[in-house]
Amino acid sequence: MANKHVSAKNLWRENLGQALAIIHAHRMRSGLLILGVAIGITTILAMVTVMSGLVTKINKDLESANRPYIFVTRFDFFVSGRNDEELMRRKKLEPGDATALDAQCPALDKVCYFITYDDPAVIYYKGEHTAPLELDGSGYTFPEIFSLPIEHGRSYTRLEELHRERVVVLGYGPAEDLFPHGNPIGKYVNILGQRYRVLGTFANREHFIGSISDNFALIPYTSYHKDFQRDDDDTSIAANVSEGYTLEEAQEQITHVMRVRRHVRPGEENNFHVTSSTAFLEIIGGVTLAISFILVIIASIGLLVGGIGVMNIMLISVAERTREIGIRMALGANKKDIIQQFLMESATLTGIGGLIGTAFGVGAALLISNRIHFPFQFSIGWTIIAVVFSALIGIIFGIYPARRAARLNPVDALRYE
């Protein structure tokens with residue numbers, strides 16, 4: 001039994017050595033095939049690694065607030081839209097709703113009413129101007145709820161909010177546009193024809209959506225109502241959860257208070273929508289998973305093309321080595337030995353391509369992650385899968401040529417020239 005094991009081990013070693021010798025003898029065609037497989041594996045591994053980093057970045061950014069937060073809106077923006085007339089007829093959320101939630105929901109820590117200008121706005125300062133940005137009117141607790149760090153100056157206070165003062169806190173993007181080399185604090189900027197005093201600027205968030213996340217300006221919602229309010233602007237309420245309470249408890253309390261305020265009868269559906277930061281994570285996680293799956297399928301097409309190349313080369317190899325196969329059979333090799341020999345050659349070809357592709361894939365993912373500031377997520381599991389998958393491509397597409405070689409008649413094979 002031991003001798004049989006040693007003999008099988010020697011046979012595998014002999015087949016591997018012969019496979020490497022054949023690859024070396026036909027360097028050009030073998031190299032092209034290996035390159036094709038390597039490119040396919042590089043693409044797949046780079047995509048998977050970068051997407052894993054993207055998911056990590058998204059989770060980190062959406063969980064950047066110190067505590068989970070909740071949104072109250074008229075309807076679910078992920079399911080419905082502004083083209084639904086029935087939903088658009090729903091009553092807008094009001095500052096009094098935020099005040100009631102703050103007073104009647106012990107599960108909520110900070111509550112903030114806010115409104116977003118429906119169109120992109122441009123802010124001017126002397127000869128400078130910003131790119132079109134998002135203008136938000138909000139309560140003074142907005143930066144605390146979303147843990148937005150102030151880089152220079154400060155945010156506005158409750159007193160400034162109550163007095164409807166024309167003050168603004170600039171996002172990192174507009175602050176860089178308007179004051180690339182100067183101190184913006186105390187300067188007056190022009191927002192849609194109104195003069196607003198700059199109180200502070202937010203720090204660069206380095207969010208997963210890029211500079212868009214820093215391209216906004218924040219003013220008190222009371223000032224917004226005074227200067228910019230329009231009928232088509234939509235309103236929302238944001239809140240974070242107090243320590244000792246769960247998201248579910250907070251959502252239940254919000255739902256109860258809002259149903260009473262909006263006169264929703266027992267058994268009727270809510271005419272508002274409550275969602276949380278964890279719901280955003282689940283939705284985006286599902287989207288990124290679907291995108292990753294599609295990208296991997298697309299990249300795998302290249303590997304299938306490489307597999308066809310394996311089959312083609314192995315058929316050529318069978319034709320070229322027909323006499324050699326006949327000699328091996330005449331010396332006692334059976335069909336299993338011949339199949340094993342050619343499968344070893346095809347698996348070696350694609351396996352080498354897989355190893356090279358894995359190295360390049362990890363390198364490409366590291367380079368891309370550094371360039372776009374995503375976390376680099378190296379996965380040993382995916383790396384092993386990539387190498388094994390590349391070898392399996394060689395085996396799967398090498399079966400037909402191997403079986404064809406094994407079915408050759410030894411006498412006819414010996415006569416082949």
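Worth knowing before you read on, the calculation uses all heavy atoms, side chains too, and leaves out hydrogens, waters and symmetry mates.
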Working to the nearest 0.5 angstrom, can you tell me the gap between [X] [atom1] and [Y] [atom2]?
| X | Y | atom1 | atom2 | result |
| --- | --- | --- | --- | --- |
| Ile115 | Ile237 | CD1 | CD1 | 12.0 Å |
| Phe360 | Ile41 | CZ | CD1 | 13.5 Å |
| His152 | Asn183 | NE2 | CG | 7.5 Å |
| Leu178 | Asn190 | CG | CG | 10.5 Å |

Notebook entry, point to check: Between Met258 and Leu93, is a side chain to side chain contact (heavy atoms under 4.5 Å, CB included) present by the stated rule, with each step listed?
Noted result: CA-CA 10 Å; Met258 291 300 296; Leu93 301 178; 3.6 Å; yes

Could you check whether any side-chain N or O of [X] sits under 3.5 Å from a backbone N or O of [Y], counting only pairs where one atom can act as donor and the other as acceptor?
| X | Y | value |
| --- | --- | --- |
| Arg259 | Glu268 | yes |
| Asn240 | Lys110 | yes |
| Ser242 | Leu108 | yes |
| Arg262 | Arg90 | no |
| Gln253 | Ala250 | no |
| Thr222 | Leu162 | no |
| Asp233 | Tyr117 | no |
| Glu144 | Thr141 | no |
| Ser223 | Glu165 | yes |
| Lys92 | Asp231 | yes |

Do [X] and [Y] make a side-chain contact, defined as non-hydrogen atoms from C-beta onward lying under 4.5 Å apart?
| X | Y | result |
| --- | --- | --- |
| Phe228 | Gln194 | yes |
| Glu160 | Tyr140 | no |
| Ser236 | Val72 | no |
| Val169 | Pro143 | no |
| Tyr221 | Thr235 | no |
| Leu192 | Asp227 | no |
| Gln104 | His256 | no |

Checklist line | side-chain hydrogen bond (donor to acceptor under 3.5 Å, both in side chains) partners for Asp119, two or more places apart | finding: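 For Asp119, the residues satisfying side-chain hydrogen bond (donor to acceptor under 3.5 Å, both in side chains) (neighbours in sequence not counted) are Arg230.
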
Next item on the list: Scan for side-chain hydrogen bond (donor to acceptor under 3.5 Å, both in side chains) pairs involving residues 125-138, sequence neighbours excluded, and state none if there are none.
Entry: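 Qualifying pairs, neighbours excluded: Thr116-Asp136, Ser138-Tyr156.
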
Margin query: For Phe142 and Tyr69: C-alpha separation, side-chain torsions, deciding distance, then whether ring pair (Phe, Tyr, Trp, His ring centres under 6.0 Å) applies.
Written below: CA-CA 11 Å; Phe142 189 90; Tyr69 49 86; 9.7 Å; no

Which heavy atom of [X] sits nearest to which heavy atom of [Y], and what is that distance?
| X | Y | answer |
| --- | --- | --- |
| Cys105 | Val257 | SG-CG2, 3.7 Å |
| Ser147 | Pro149 | O-CD, 3.3 Å |
| Pro174 | Leu133 | CB-CD2, 3.7 Å |
| Thr42 | Gly357 | OG1-O, 3.1 Å |
| Gly153 | Ile150 | O-CG2, 3.4 Å |
| Val168 | Ala217 | CG2-CB, 4.0 Å |

Note to self: The test is side chain to side chain contact (heavy atoms under 4.5 Å, CB included); show your working for Leu170 and Phe179 and say whether it passes.
What the structure shows: CA-CA 11 Å; Leu170 299 173; Phe179 307 97; 4.0 Å; yes

Check: Are Thr73 and Thr275 close enough, and set up right, to give a side chain to side chain contact (heavy atoms under 4.5 Å, CB included), and what steps lead you there?
Finding: CA-CA 8 Å; Thr73 55; Thr275 189; 5.7 Å; no

Would you indicate whether [X], at its atom [atom1], is surrounded by more than 12 heavy atoms from other residues, nucleotides or ligands within a distance under 6.0 Å?
| X | atom1 | answer |
| --- | --- | --- |
| Arg158 | CZ | no |
| His225 | NE2 | yes |
| Arg261 | CZ | yes |

Check: Can you name the salt bridge (Lys or Arg N to Asp or Glu O under 4.0 Å) partners of Lys187, sequence neighbours left out?
Finding: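 Here no residue qualifies.
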
Next item on the list: Verify the ring-centre separation between Tyr224 and Phe114: is it less than 6.0 angstrom?
Entry: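 When the ring centroids of Phe114 and Tyr224 are compared, they turn out to be at least 6.0 Å apart.
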
Check: Do Asp97 and Phe272 pass the side chain to side chain contact (heavy atoms under 4.5 Å, CB included) test, and can you show the C-alpha distance, the side-chain angles, and the key distance before you say yes or no?
Finding: CA-CA 12 Å; Asp97 295 324; Phe272 59 92; over 6 Å; no

